[in-house]
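Below is one structure; the comments refer to it alone.
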Amino acid sequence: MSSEKHFYITTTLPYINSEPHIGFAAEIIKADVIARYRIQRGDSVFFNTGTDEHGLKIYQKAAELKMPVQEYCDLYSAKFLPLKDKLNLSYNKFIRTTDPGHQKAAQEFWRRCEAAGDIYKKAYKVKYCVGCEMEKTDSELENGRCPLHPDRDLEIIEEENYFFRFSKYQDKLLALYERHPNFVRPDSRLKEIKTFVANGLQDFSISRFKEKMPHGVPVPGDESQVMYVWFDALVNYISTLGWPEDYDRSGNFEKYWPALQVCGKDNLRPQAAMWQAMLMSAGLPASRQVLVFGFLTANGQKISKSAGNGIDPLALVDKYGADALRYYLLAEIPPFADGDYSEEKFRERYNADLANGLGNLAARVSNLLEKNKIETALKVDLKDPGIKVTAVEIEEKMADYRFNEALQAIWDKLRDSDEILSRTAPWKMSDQKEIAAVLKPLAQDILNLACLLEPFLPAAAAKVQAQFSATQVNKGDVLFPRLT
RNA sequence: CGCGGGGUAGAGCAGUUGGCAGCUCGCCAGGCCCAUAACCUGGAGGUCGUCGGUUCGAGUCCGACCCCCGCAACCA
């Protein structure tokens, strides 16, 4: 294809005050499916992720560990790197908000907002919970304490900070949502953000007093202040493309912006409202779309960093493999709703669909081909009538990012194949031609399905494609060993 | 009157414009014996949160209420 389309997708950047957890794994896996799907369709894809490294919590944590803060950042940022191989991710950029290029970009972004008249200084006095890294209004407090961190004293912050004129952008944001009814997915989240914006916006603080908290991007033209972590962090979505100077001479900002941004539902406001207002202020185009995913619970309980009931995605991969984890998170959990993780359900789903479903069918067909010495030499053909319906269905589902339903379409087809195989029972036949007439279309379907499966389960898809495109298909190894 | 999402078979979920309650897992009984004790067929199991209303007819529309769960300016 000569008319190559550019497509940019980015995850949120996880904050490095803890290890990677399953919620982020779910987010980045979904982003990876979208990225791989676009790559498969011939788009040129820029897929960004990275780490968010500024702010008070990190400053304090480094101090706790008696570590220079940059050393802490290097150490913790590096904990996110293994996700790429372990989860089999296709991202091609990993940005850190402590990267010099990013910091320069954040400063330039600040200057543009300032030039637009959207940054001003204001005396500021507020109760602040360090645990939440958040200001607290009185209505949010219980007995004068943060309900989430009742063991910590609230800090009273009293200083002059810079503020961003968020309130100025109310109408423009509402106009943006009107113009692009798909700007935020799903609809319920769009409705939520519309209501929020329509109810009125308050300017928010975007800097901190350097003497108290030096770990941030310096505010241009004011030695005494650093940027509040969120202001600089959001800029990563464009600094990663080389904005503003195109310092890597890639032309990536021109080619790829605006982004499809994915995030968890807690990030709706920063992504869909604050960041969009910031872009407007800096005179840049709005994001392409914001996908807001649900949250995971673990065994029905809320996962929280403080409660320590997190699930280590890397341990799961070591135990079951990347495809197994990807499959569970994509097939079992509806993409935009909350879902639950439990090892029992994980194992159940693995056995039912991967071992007994895909794996067993591939074993049945490949074994019969090998035993009967039937040569096939098949090639992927998505126009094949046997697969067309499924291919179209996946296209429809993927247009709405309904990964679970797309996978369901593939598994419906696998089930059909199992049924055909049982009904025709080629193992009872003696005529080789007759046997081949039954097996060949089934093998072709499996090969085609493996191609369609590539964005979801890249490793298994590659294995099955290699197996079923051989001249003489052999049974080979068990694809997904049954768990006992 | 802060905002939002839910309550449908033992579990997890679908149910489009109101028209005989479905799917997956699990369970039971058959079949098959190529396959990873897998696969195929059939079956049991639900007064669709409660009360009231509209209607020939309500899981679906309207009203009130009960119960869960998130969010509430930044934990994905």
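Proteins come first, then strands; the chains are lettered A, B, ... in the order of their sequence lines, and each starts at number 1.
- Here the nucleotide nearest the side chain of A/D266, chosen from B/U36, B/A76, B/C32, is B/A76.
- Nearest nucleotide to the A/S422 side chain, out of B/A76, B/C39, B/U36: B/C39.
- When the nucleotides B/C39, B/A76, B/G4 are ranked by their closest atom to the side chain of A/F295, B/A76 comes out on top.
- Residue-level contact check: A/F293 touches neither bases nor backbone, having no heavy atom under 4.0 Å from any strand.
- By the 6.0 Å and 45° rule, A/K57 does not stack over the aromatic ring of A/Y15.
- A cation-pi contact, defined as under 6.0 Å to the ring centre and within 45° of the axis, is absent between A/K30 and A/F403.
- Closest to the side chain of A/A363, out of B/U36, B/C25, B/A76, is B/U36.
- At the heavy-atom level, A/I28 lies nowhere under 4.0 Å from the strands shown.
- Of the candidate nucleotides B/C25, B/U41, B/C39, B/U41 has the atom nearest to the side chain of A/E419.
- Between A/A425 and A/R482, the residue whose closest nucleotide on RNA chain B is further toward the 5' end is A/A425.
- Closest to the side chain of A/F24, out of B/A76, B/U36, B/A73, is B/A76.
- Relative orientation of the A/Y72 and A/Y76 rings is parallel, given thresholds of 30° and 60° on the angle between their planes.
- Pairing for B/G2 is with B/C71, a Watson-Crick or G-U wobble pair whose two hydrogen-bonding atom distances lie under 3.5 Å.
- Figure legend: A/R349 and A/Y328 shown without cation-pi pairing, the cationic atom not lying both under 6.0 angstrom from the six-membered ring centre and within 45 degrees of its axis.
- Spacing between atom CG of A/L414 and atom P of B/A35 amounts to 19 Å, rounded to whole angstrom units.
- Across the P atoms, B/G4 and B/A64 are found 15 Å apart, a figure rounded to whole Å.
- For A/R269 against B/A73, no side-chain N or O and base N or O form a donor-acceptor pair under 3.5 Å.
- Look at A/K191 and you won't find any side-chain N or O under 4.0 angstrom from OP1 or OP2 of B/C3.
- Dashed line: the shortest gap from a side-chain N or O of A/K30 to OP1 or OP2 of B/A76 is not under 4.0 Å.
- The partner of B/C56, taking Watson-Crick or G-U wobble pairs whose two distances both stay under 3.5 Å, is B/G19.
- Per the geometry, CZ belonging to A/R364 stands 7 Å off P belonging to B/C40, to the nearest Å.
- Counting non-hydrogen atoms under 4.0 angstrom, A/N360 reaches a base of the nucleic acid.
- Within the 4.0 Å cut-off from OP1 or OP2 of B/A35, at least one side-chain nitrogen or oxygen of A/K371 is found.
- In the set B/A35, B/A38, B/A76, B/A35 carries the atom at the smallest distance from any side-chain atom of A/K475.
- A gap of 15 Å separates the P atoms of B/G18 and B/C56, to the nearest Å.
- Ring centers of A/Y169 and A/W275: at least 6.0 Å apart, outside the cut-off.
- Nucleotides B/C66 and B/G49 place their C1' atoms 8 Å apart, quoted to the nearest Å.
- Using atom C1' as the reference point in both B/U17 and B/G59, the two lie 16 Å apart (nearest Å).
- Between A/Y162 and A/W110, the ring centre distance stays below 6.0 Å.
- When distances are taken from the side chain of A/A352 to each of B/C75, B/C25, B/C34, the shortest belongs to B/C25.
- Counting non-hydrogen atoms under 4.0 angstrom, A/R347 reaches nothing in the nucleic acid.
- As a whole-Å value, the separation of A/F336 CZ from B/A14 C1' is 18 Å.
- Residue A/Q408 is classed as having no contact, given no heavy-atom separation below 4.0 Å to the nucleic acid.
- Salt-bridge annotation for A/R269 and A/E192: absent, with no side-chain N of the basic residue lying under 4.0 Å from a carboxylate O of the acidic one.
- Of all nucleotides present, only B/C28 satisfies the Watson-Crick or G-U wobble test against B/G42, with each distance under 3.5 Å.
- Of the side-chain N and O atoms in A/N367, one or more sit less than 4.0 angstrom from OP1 or OP2 of B/A35.
- Straight-line distance between the P atoms of B/U55 and B/C62: roughly 16 Å, to the nearest whole Å.
- Pair assignment for B/G63 gives B/C51, based on Watson-Crick or G-U wobble hydrogen-bonding distances that are each under 3.5 Å.
- When the P atom is compared between B/C61 and B/A29, the two are found 41 Å apart, to the nearest whole Å.
- Taking atom C1' in both B/G22 and B/A14, the straight-line distance is 7 Å, to the nearest Å.
- Two residues, A/D418 and A/I22, neighbour RNA chain B, and the one matched to the more 5' nucleotide by heavy-atom proximity is A/D418.
- To the nearest whole angstrom, the two P atoms, one in B/G10 and one in B/C48, are 13 Å apart.
- The pair A/E178-A/K194 meets the salt-bridge criterion, with a side-chain N (NZ, NE, NH1 or NH2) lying under 4.0 Å from an Asp/Glu carboxylate O.
- In this structure, A/T12 reaches the sugar-phosphate backbone alone: every heavy-atom distance under 4.0 Å involves primed, P, OP1 or OP2 atoms, never a base.
- Looking at the side chain of A/A355, the nearest of the listed nucleotides B/U36, B/A73, B/C33 is B/U36.
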